[in-house]
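Values below: all heavy atoms of this structure, side chains included; hydrogens, waters and symmetry mates excluded.
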Amino acid sequence: MSAQDMPPDLLTQYKGRILEARNLPALPAAVTELNRLMKDPNSSSDQAAKVIERDQALAAKVLRMVNSPIYGFPGRISNIRHTLMLLGMNVIRSVIISSAVFDIMNKTMLGLWEHSVASSLAAVETARAAGLPHPEEYAVMGLLHDIGKVVFSMQIPEAKQEVDKLVKNEDLFSMEAEKRLLGFGHDRINAWVCEHWNLPLPLKEAMIYHHAPSLARFH
């Protein structure tokens, strides 16, 4: 059964459970403020830095991530202003989005964190080798491409257990098992999450079409 074949009420029920606000990881308030600043042509990187620095825990997470090998500056970035100068506000906004879900991923999805980091490293190296602009943006795409699996595991744990059984017993890929059981895969969940969080278009396309990149239209 495909998502198109599902009864509309059932699809709506699943979407409602997946996007249930009290359980879905909330984006930090800094993301909302950064979005506002990015739309203001008169805003400055200093203003953006102050937004992040107001939340010391968030600032520490951002610095930890941008100093990882993923972004090509291991151990070289010591403050938020330097980070913004090197990577730009768009990448930092995406890094903050990543930080909002990584702790959950690391605790609940054995192996997914490692897979996401490996995908991120592969994405950024491929972008650099291809000479694409702003390769750091592709690192975030790699990190978040399977976030639908995390949300699915959190919001519909009983269905996630059944998917895992199908994967193990019938040697299926997770996407195949998800579609067989639910009528849609984690790529559709990614689309709902992107809509819910109002994520930027390039990141949204990467998350939705990572199993069918030829369908992406804008990136």
Side-chain angles (χ1 to χ4, degrees), residues 21 24-107 112-114 116-128 130-147 150-151 190 193-208 218-219:
L24 192 66
L27 292 184
V31 173
T32 301
E33 184 63 13
L34 286 175
N35 284 338
R36 186 190 67 77
L37 289 173
M38 290 179 75
K39 293 177 183 177
D40 182 357
N42 298 316
S43 65
S44 68
S45 59
D46 278 350
Q47 288 175 292
K50 288 177 182 177
V51 169
I52 300 169
E53 289 167 348
R54 283 201 295 265
D55 186 331
Q56 291 184 344
L58 179 60
K61 284 185 178 181
V62 169
L63 289 174
R64 184 181 67 197
M65 290 188 65
V66 299
N67 276 290
S68 72
I70 293 170
Y71 296 96
F73 304 103
R76 291 167 52 191
I77 303 179
S78 59
N79 60 67
I80 297 298
R81 284 172 174 78
H82 190 197
T83 298
L84 282 163
M85 274 192 343
L86 286 172
L87 298 179
M89 200 183 300
N90 195 44
V91 170
I92 297 307
R93 175 180 60 175
S94 297
V95 168
I96 294 172
I97 292 169
S98 304
S99 74
V101 296
F102 280 164
D103 288 342
I104 296 168
M105 184 186 296
N106 207 10
K107 293 173 183 175
L112 187 59
W113 165 252
E114 291 80 5
S116 298
V117 170
S119 298
S120 179
L121 288 167
V124 74
E125 290 303 321
T126 300
R128 286 171 180 152
L132 297 175
H134 311 299
E136 295 82 8
E137 293 187 16
Y138 295 85
V140 177
M141 295 173 188
L143 283 170
L144 290 180
H145 77 283
D146 270 344
I147 190 61
V150 181
V151 174
N190 283 353
V193 171
C194 288
E195 175 187 326
H196 187 72
W197 283 346
N198 192 30
L199 299 186
L201 181 59
L203 182 57
K204 180 178 180 179
E205 283 218 319
M207 292 170 64
I208 295 173
F218 300 104
H219 212 63

Identify, with sequence neighbours excluded, every residue that meets side chain to side chain contact (heavy atoms under 4.5 Å, CB included) alongside Gln47.
Leu37, Ser43, Ser44
Applying side chain to side chain contact (heavy atoms under 4.5 Å, CB included), name anything that partners Ala49, two or more places apart in sequence or on another chain.
Glu53, Ile80, Arg81, Leu84
Check the pair Val66 / Ile92 against side chain to side chain contact (heavy atoms under 4.5 Å, CB included), numbers first and verdict last.
CA-CA 9 Å; Val66 299; Ile92 297 307; 4.1 Å; yes
Do you know which two heavy atoms are closest between Thr83 and Leu63, and how far apart they sit?
OG1-CD2, 3.6 Å
Looking at every heavy atom in both Pro202 and Met141, which two are closest together, and how far apart are they?
O-CE, 3.7 Å
Rounding to 0.5 Å, atoms CD1 (Ile208) and NZ (Lys204) come to a distance of 5.5 Å
Rounded distance [0.5 Å steps], OG1 in Thr126 versus OH in Tyr138
10.5 Å
Can a donor-acceptor pair be found, under 3.5 Å and without considering hydrogens, that links the side chain of His145 to the backbone of Gly142?
yes
Could you check whether any side-chain N or O of Ser120 sits under 3.5 Å from a backbone N or O of Ser116, counting only pairs where one atom can act as donor and the other as acceptor?
no
Among residues at least two apart in sequence or on other chains, which ones pass side chain to side chain contact (heavy atoms under 4.5 Å, CB included) with Arg36?
Glu33
